[in-house]
Structure formats: structure tokens, C-alpha cells
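Heads up: the structure comes next, in C-alpha cells.
Order of listing sets the numbers, starting from 1, for every ligand and every atom in it. Remember, it's a predicted structure, so these values are computed and weren't measured experimentally.
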Amino acid sequence: MSTKAPEEKHVSKRGCFKSTRSRILLAVVAFIVLCAAIIPAAVVTTLHKKDSMGPKSKVFVPLYVYPAPGAWTPLENVVSTHPDVNFTVVINPGSGPGPDSVPDANYTREIPNLASYANVRLLGYVHTSYAQRNISLVRKDIETYAAWPTASSNPDLAVRGIFFDETPQQYSAQSLAYLQNMTDLVKDLKGFGSDGFVMHNPGAIPDSRYLATADSTVVFEETYSTFQQRSSAKIFTAIPDSNRTQLCTVIHSVPDTVEGSKLRSLVKEARKVADEIFITHLSTDYYASFGTKWADFVDLVAA
Ligand SMILES: *[C@@H]1O[C@H](CO)[C@@H](O)[C@H](O)[C@H]1NC(C)=O
Ligand SMILES: *[C@@H]1O[C@H](CO)[C@@H](O)[C@H](O)[C@H]1NC(C)=O
Ligand SMILES: *[C@@H]1O[C@H](CO)[C@@H](O)[C@H](O)[C@H]1NC(C)=O
Ligand SMILES: *[C@@H]1O[C@H](CO)[C@@H](O)[C@H](O)[C@H]1NC(C)=O
Ligand SMILES: *[C@@H]1O[C@H](CO)[C@@H](O)[C@H](O)[C@H]1NC(C)=O
């Protein structure tokens, strides 16, 4: 207030014209200046509002959370309140489907519940140890997930594809054949429904010859500071023969200070580069619980 008052006085003094003609001229000029200032601002504001967050992405959730009663509630809450957002959720009963034909009673209670949401696609976790794991064991894990609906006599105890963890980055014809073989199996098995969705997690950008064997690939699984350092957009767009529809990014260890508009910018950047995104402020056991800004993150994916 105290800094503005003298300025206004100054302006009104200068505007003290003598003739009517000058006054009209001043009014016209003022009107033009005002229009020039307001119209582009209004146009920019409208455009800005319309697509300020860029393309839509899905929320990717590595749900390595044991389903003790209530433990999956933070996920169910955002799933039910954001019907326009799709969620790809990886479940992992025991570094895979576990030793039994169906997982324990907490899983058999919670999985059908989560699977019942139209905006949720569940995937079963299987690790490949960089395509070195005994392929018969990988095949057995995949077949176990696919058999859940029949083994449990519950059609809703089902996943719609497989998340392959620890897939290789370096190319070898043998690894490619291994992964292609597993993809063919997932696509063939009836237990995954019509989806048969395949995700790979090399954790970084793999040789691009692997990309076509998966529906989506996690090309970044690192801390917030690494994401910042790598000038994310550039590393993602530099991947040959790919586009954002095939990519997933996982950003963890986001500092607590990255909230509000800073979190908004981060989500916007992630949405620009990847169709599936997961962002957490947790810096240890990133996937074992929900971070404090979990709901804010989902709101920004929905925005
Ligand atoms: C379900 O989870 C609860 C809480 O962790 C546990 O006490 C219970 O034993 C579990 N039930 C089964 C069948 O594993
Ligand atoms: C969400 O899934 C539905 C049904 O599969 C699809 O039509 C829609 O385009 C998806 N939306 C996004 C943002 O991925
Ligand atoms: C792979 O696992 C199968 C089943 O357990 C076993 O019969 C086979 O010997 C294993 N192969 C290798 C190379 O370890
Ligand atoms: C996949 O591997 C199995 C066992 O090694 C083999 O029998 C099968 O022919 C392979 N399938 C394809 C499509 O390569
Ligand atoms: C992007 O990738 C998807 C899935 O592989 C493909 O269907 C689409 O044609 C690609 N778009 C471009 C512009 O390359």
C-alpha cells in the first residue's frame, strides 16, 4: 500500500489534459492498450488451462504391500474416487505367485476386490534374473498366476498379465528369444483374459530391440535427483524406435519439499515422457507402503 499510493498520484497528475479532444484521444488509446493487454492474456489462460498437464498417463503401482486387513485401502480409495484414471497394479505374493496354487486368504480376499474395478489392471510379479533364471521356473510362475481362477474356483481371483522384473538391458539373441518365448506364453494362456499384458523392468533404458516384446517397459527406476540430473525429457525421447505409449517411469526418493506446484511440475514432466508413471516420496522400501503425498500424486495424474 505505502509504495503504491505515490505512484497513483503521479499518474493522475500526468493525465490532467486540457482539451476534450485530448481526453477522447486518451480514452481511445487507453482502450486499445487495455484490449491489447487483456485479450492475449485471456487466450493464453484458456489454452493453459485446457492442456496444462499434457497427455494423460496411467498410475503404475508396484504393490509390494502385504494385504493385511486395510493395508490396500489407500489404493482402493484413489481407485474408487478417480474412475477416469487407469491403474496398472503389480501384485507379488512371494517374489512371484508363491509356492502354492493359490495365495493365502488375505490375498484371495483382496485381489478379487481390487480386480472388480474397471479402471484397474492387475499384473503378477515374476523375476527373470536378467533372462538367466531357469526358464522352466519362470514358465511355472506364469502358469500358476494364469491358473488362479480355476484353482480357486473364483473367476475374480485373476491377473491380466505379467510384470517381468529384472529383464536385461544389454542385447543378446538368446535373451531376446527367452523374453519373446515368455511373452508368447502370456498371450496364449486363457487365464489372463483378453489382455495378456506384458511389462518388462530393466530399470533403465534397454537395447531397443527388446521394446517390441513387451507392451510397456520401465525405462527409469531411480531417485528424484537422478531424474532431475538426466534432464528426463531428453533421455526418454532419445530412445530409438519408441514412443511414450510403451514407456513407464518410476521415480522414488522425492524430497518432502517437492509438493504443491513443484510436485505438479514433476508429474507434468513424467506424463510428457511416459504412459505409466509412479512417483513416491518414500526413500526406503519405496513399494512396501504408500508415501505421505500418494493421494496428491494421483490427483495430479487425474488433472
Ligand atoms: C492375514 O493378515 C493378518 C495380519 O497381517 C495375519 O494376522 C493373518 O495371519 C493373515 N492371514 C493369513 C491366512 O495368512
Ligand atoms: C483407460 O482404460 C480405458 C479402457 O481400457 C481406455 O478406453 C482409456 O483410454 C484409458 N485411459 C487412459 C488415460 O489410459
Ligand atoms: C530348471 O528347472 C527344472 C524344474 O525344476 C529342472 O528340472 C531343470 O533341471 C532346471 N534346469 C537347469 C538348467 O537348472
Ligand atoms: C519356448 O521355450 C520352450 C521350452 O524351452 C519351447 O519348448 C518352446 O518351443 C518355446 N516357444 C517358442 C515360441 O519359442
Ligand atoms: C507408438 O507406439 C505404439 C505401440 O507400440 C504404436 O502403436 C504407435 O504406432 C506408435 N506411434 C508412433 C507415432 O510411432
> Does Asn86 reach ligand 2 with a nitrogen or oxygen that is under 3.5 Å from one of the ligand's nitrogen or oxygen atoms?
Replying inline: yes

>> Is the distance from the ring center of Tyr178 to that of Tyr130 below 6.0 Å?
In response: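 Here the rings of Tyr130 and Tyr178 have centres that are no less than 6.0 Å from each other.
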
> Ring centroid separation for Tyr145 and Tyr125, is it under 6.0 angstrom?
Replying inline: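 Tyr145 vs Tyr125: aromatic centres not under 6.0 Å.
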
Among all protein heavy atoms in this structure, tell me which lies nearest to [atom], with the distance rounded to 0.1 Å.
atom	answer
atom 9 (O) of ligand 3	Asn134 ND2, 4.7 Å
atom 4 (C) of ligand 1	Ala68 CB, 3.7 Å
atom 13 (C) of ligand 1	Ala105 CB, 3.8 Å
atom 3 (C) of ligand 1	Asn106 ND2, 3.7 Å
atom 14 (O) of ligand 1	Tyr66 OH, 3.3 Å
atom 5 (O) of ligand 3	Leu137 CD2, 3.8 Å

> Could any protein non-hydrogen atom be found less than 4.0 Å from atom 7 (O) of ligand 3?
Replying inline: no

> Within the structure, does at least one protein heavy atom fall under 4.0 Å of atom 11 (N) of ligand 3?
Replying inline: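 At least one protein heavy atom is under 4.0 Å away.
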
>> Quick check on Asp285: does its CG atom have over 12 non-hydrogen neighbours (other residues, nucleotides or ligands) under 6.0 Å away?
In response: no

> Do other residues, nucleotides or ligands put more than 12 heavy atoms under 6.0 Å from the CD atom of Gln170?
Replying inline: no

>> Using a 4.0 Å cut-off to any heavy atom of Lys58, which atoms of ligand 2 qualify?
In response: 14 (O)

>> Out of all atoms in ligand 2, which are within 4.0 Å of some heavy atom of Lys56? Include the element for each.
In response: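 Counting from 1, the qualifying ligand atoms are 13 (C).
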
>> Against the six-membered ring of Tyr171, is Arg209 placed for a cation-pi contact (under 6.0 Å from the centre, within 45° of the normal)?
In response: yes

> Looking at Phe197, is Arg121 sitting on its ring face, NZ or CZ under 6.0 Å from the six-membered ring centre and within 45 degrees of the normal?
Replying inline: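 Satisfied, under 6.0 Å and within 45°.
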
> Is the shortest distance from a Lys or Arg side-chain nitrogen in Lys187 or Asp215 to a carboxylate oxygen in the other one below 4.0 Å?
Replying inline: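 Judged by the 4.0 Å cut-off on N to carboxylate O distance, Lys187 and Asp215 do form a salt bridge.
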
> Short list, please: which atoms of ligand 1 are under 4.0 Å from a heavy atom of Asp104?
Replying inline: 14 (O)

>> Measuring from atom OG1 of Thr217 to atom CE of Met199, what distance do you get when rounded to the nearest 0.5 angstrom?
In response: 7.5 Å

